[in-house]
Amino acid sequence: MIRSLPSSPLYKIGYRIYIAIFYLFLTMPLVTISVLAFNDSNFIALPWEGFSLDWFFSNTSERLGLFSDEDLLISIWTSFETGFLVASLSTIVGTFAALLFEEEKFRFKGLLYFLALAPLVIPGVILGISILLSSTSASIYIEDHYNIYIESLGPSFWLVVFGQFSFCATYVMLLVGARLKKFDRTLEEAALSLRATRLQSIWYVTIPFLRPAIIGAFVVAFLISFSNFNTTIFLIGSDPTLPVDLYSRIKFSSTPVLNAVSFMIVTVITFSAFINIYTSRKK
Amino acid sequence: MMKKRNITFYLFIIPVLMWLIFLIVLPHIDLFLSSFRFENDDGNTVFSFENYLSFFQDSIYWLTFLRTAFYSIAITVLAFVLTFPIAFFLTKVVSKKYSSFMTLLLLIPIWVGELVTIYGWMILLSDHGVINNFLIYLGLMDTPIKMLYTDFSMIIGLLYMSMLFMIVPVMSALDSLDDSLIEAASDLGASKWTIVTKIVIPHAMPGIASGGIMVFMLIIGDYVAPNILGGKSSLWFTEQIYNFFLTTIDWSQGAAFGFLLLLLSSAIIWIVLKITGQKLERVGS
């Protein structure tokens, strides 16, 4: 049953077949789109018409490849910008929150911690609509009372950034907080007793200890932002992010360029995952 | 406890408070208030329960609500049943050499993102898709079976995009289970079933609870899988919220539905936490 216990051959084989089927189930959609990205056809699915790089490089009106499709490239770039801003913002605020909830004592700490965890149990749709509603209310209020119209309070690039930030910060807080739990507080106390200020002790002692978790959390926040659809769709202005663009193409105008984009995403993710495991094994 | 705060404390707490107040608390208060806003026949916006009443009056709304709740729970249970053997295999059976590689493979679909994987399933399941072609090629049938745009394809999509979030916490719970407990039980003659139900599952309960909550939240709040893979009759409650916000532009009605969805998901999570004796704090870890 486990490594050290013998099992009957039938059980062993049956178990391994199940594992194999599961992994087949897991990889099938990703392998399929990756292969079909090179299909010389105008349709997204089978039949296989031969190998072609058209859906990456072609630039005709009939076949607009990934690298010639300006709208698609713009939405990819928008996703990068959004992801970078969301990850930066949530890494900073999430780390602050982790330090606050792990190391400080203050009133209403329990309530605030509960609120910080709330995005885990609020469906993404709800976060999207409530941020849309409240920012619209705020925009109307400001316009009525101060006669200023703030564009970013309507559906826009910045609203997407803040919407995604609202739940990414929770994940950063948890990832950094988990590492902070292993931190030896006496190191900070030593720094303080050597007359470092609180800020200095955090900057020179705590943050270096947290660095791997902070970098990891940044990457996680970026990836969550990059692939988010459920919250983003409500907050999007005139410039769609990649998932929103992909969604509308899947619904209304699917060409194999979708396979090409998916292939790129799958390749980049797989490649970086293996680099990650290779470098962490070396240590 | 009124010691003097230094400036660092305020440096930390101010951004955190702004995050929680402006992006969590106020938006949800506004959601709640908006749900009672109703435009009457004179065109004035008044306080009313009309938005909630229409939910109960039109059977398609509350039937979809119940359907979504039922399917979400069922798919969560299914995700547990299907992935538990995998989590056990990766932590207890396979040698360490392969397990890190196999675990890595599990993470790839998560990071690739829901939209791409759901799109992949769309190609696999369509009438001229890979699965139908393969089955015809094998000679098992002559004409394609309709798999896409049915409840079946919707369930596959929801399962696929959520189940991996079950494996990760269950694996970390199983990691801390001492193998010698299983060996001892086996030496004393316990069957595999007894070992799993009496030792392994109780030990993994915290992981199962947090994985279950993650999976359930992803499913009940999902829009992409039901919308892309589901058929006309595969209604999902989030689709109705989307329609109120993005198609018919009836935000107050949408807010009421959003609030109902929030109530439903919170209630189910609260019940699960009570039954399993877990705390919300542990879900995240």
Side-chain angles (χ1 to χ4, degrees), chain A residues 1-5 15 18-19 22-23 26 28-30 32-33 36 44-46 93 96-97 99-100 104-105 112 115-118 120-126 129-131 133-134 137 162 166 169 174 178 198-199 202 223 227 229-230 234 243 246-247 250 258 262 265-266 269-270 273 277, chain B residues 6 8-9 12-13 15-16 19-20 23-24 26-28 30-31 34 85-86 89 92-93 100 104 107-109 111-117 119-121 123-124 126 128-130 133 179 182-183 186 192 217 220-221 223-224 228 238 241 245 251 254-255 258 261-262 265 269 280 283-285:
Chain A
M1 180 169 185
I2 58 175
R3 283 172 211 120
S4 51
L5 291 179
Y15 203 167
Y18 178 73
I19 305 288
F22 183 86
Y23 273 89
L26 200 69
M28 219 165 37
L30 303 182
T32 309
I33 17 182
L36 287 174
I44 54 170
L46 291 172
V93 178
F96 284 179
L99 287 165
L100 211 55
E104 302 281 346
K105 286 200 180 80
L112 288 180
L115 287 174
L117 290 176
L120 289 179
V121 290
I122 300 173
V125 179
I126 309 291
I129 59 174
S130 38
I131 290 173
L133 281 165
S134 61
S137 306
F162 285 113
S166 72
L174 290 168
R198 177 91 180 94
L199 200 59
I202 288 175
L223 289 170
S227 60
F229 177 85
N230 290 324
F234 293 106
L246 287 180
Y247 172 78
I250 291 171
L258 288 170
S262 307
I265 296 175
V266 173
I269 295 287
T270 312
I277 198 175
Chain B
N6 66 39
T8 317
F9 175 76
F12 286 169
I13 202 161
V16 172
W19 163 40
L20 297 176
L23 293 169
I24 309 291
L26 287 180
H28 289 89
D30 204 28
L31 176 78
S34 302
I86 310 291
F89 186 83
K92 296 289 171 208
V93 184
S100 62
L104 189 73
L107 300 179
I108 290 173
W111 295 130
V112 162
E114 189 192 357
L115 226 81
V116 171
T117 53
Y119 173 67
W121 277 108
I123 294 182
L124 281 170
S126 68
H128 300 286
V130 176
N133 269 297
D179 285 3
I182 298 175
E183 286 161 2
S186 172
K192 288 194 175 69
M217 289 308 304
I220 203 167
Y223 174 73
V224 177
I228 292 180
T238 52
I241 298 175
F245 271 88
W251 286 14
L261 183 68
L262 189 60
S265 61
I269 287 168
L280 183 62
V283 171
S285 47

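All values below were derived from every heavy atom in this structure, side-chain atoms included, with hydrogens, water molecules and symmetry-related copies excluded. Naming convention: chains lettered A, B, ... in sequence-line order (proteins, then strands); numbering from 1 in each chain. The shown structure was predicted, so the numbers you read here are calculated from the model rather than taken from an experiment.
A/Ile250 places a side-chain heavy atom less than 4.5 Å from the side chain of B/Ile228.
Of all heavy-atom pairs between B/Leu23 and A/Ser166, the closest is CB-CB, 3.8 Å. Considering all non-hydrogen atoms of both residues, B/Pro27 and A/Ser130 come closest at O-CB, 3.2 Å.
Heavy atoms of A/Leu246 lying under 4.5 Å from chain B belong to its backbone as well as its side chain. Residue contact with chain A, scored on non-hydrogen atoms closer than 4.5 Å, involves the side chain of B/Leu104 exclusively. For B/Ile13, the parts sitting under 4.5 Å from any heavy atom of chain A are the backbone and the side chain alike. Looking at A/Leu99, only its side chain comes within 4.5 Å of chain B, counting heavy atoms on both sides. Using a 4.5 Å cut-off between heavy atoms, A/Thr32 touches chain B through its side chain atoms alone. If you measure heavy-atom distances from B/Thr117 to chain A, the contacts under 4.5 Å come from both the backbone and the side chain. Contact annotation for A/Ala178: neither backbone nor side-chain heavy atoms come within less than 4.5 Å of a heavy atom of chain B. For B/Leu262, the parts lying near chain A are the backbone and the side chain together; criterion is any non-hydrogen pair under 4.5 Å.
To the nearest 0.5 Å, the span separating CD1 on B/Ile24 from CG on A/Leu112 amounts to 12.0 Å.
The choice from B/Ile220, B/Leu115, B/Leu26 that makes the most heavy-atom pairs within less than 4.5 Å of chain A is B/Leu115. Considering only heavy-atom pairs separated by less than 4.5 Å from chain B, the leading option among A/Leu115, A/Ile129, A/Ile265 is A/Ile129. Each of A/Val266, A/Ile131, A/Ile19 has some count of heavy-atom pairs under 4.5 Å with chain B, and the biggest count is that of A/Ile19. Annotation: maximal heavy-atom pairing with chain B below 4.5 Å, among A/Asn230, A/Leu223, A/Thr270, occurs at A/Asn230.
A perpendicular orientation is assigned to the rings of A/Tyr15 and B/Phe89, their planes being inclined by more than 60° (bins at 30° and 60°).
For B/Phe12, the ring pair (Phe, Tyr, Trp, His ring centres under 6.0 Å) criterion is met by A/Phe96, not counting sequence neighbours. For A/Ser227, the side chain to side chain contact (heavy atoms under 4.5 Å, CB included) test picks out no residue, with sequence neighbours left out.
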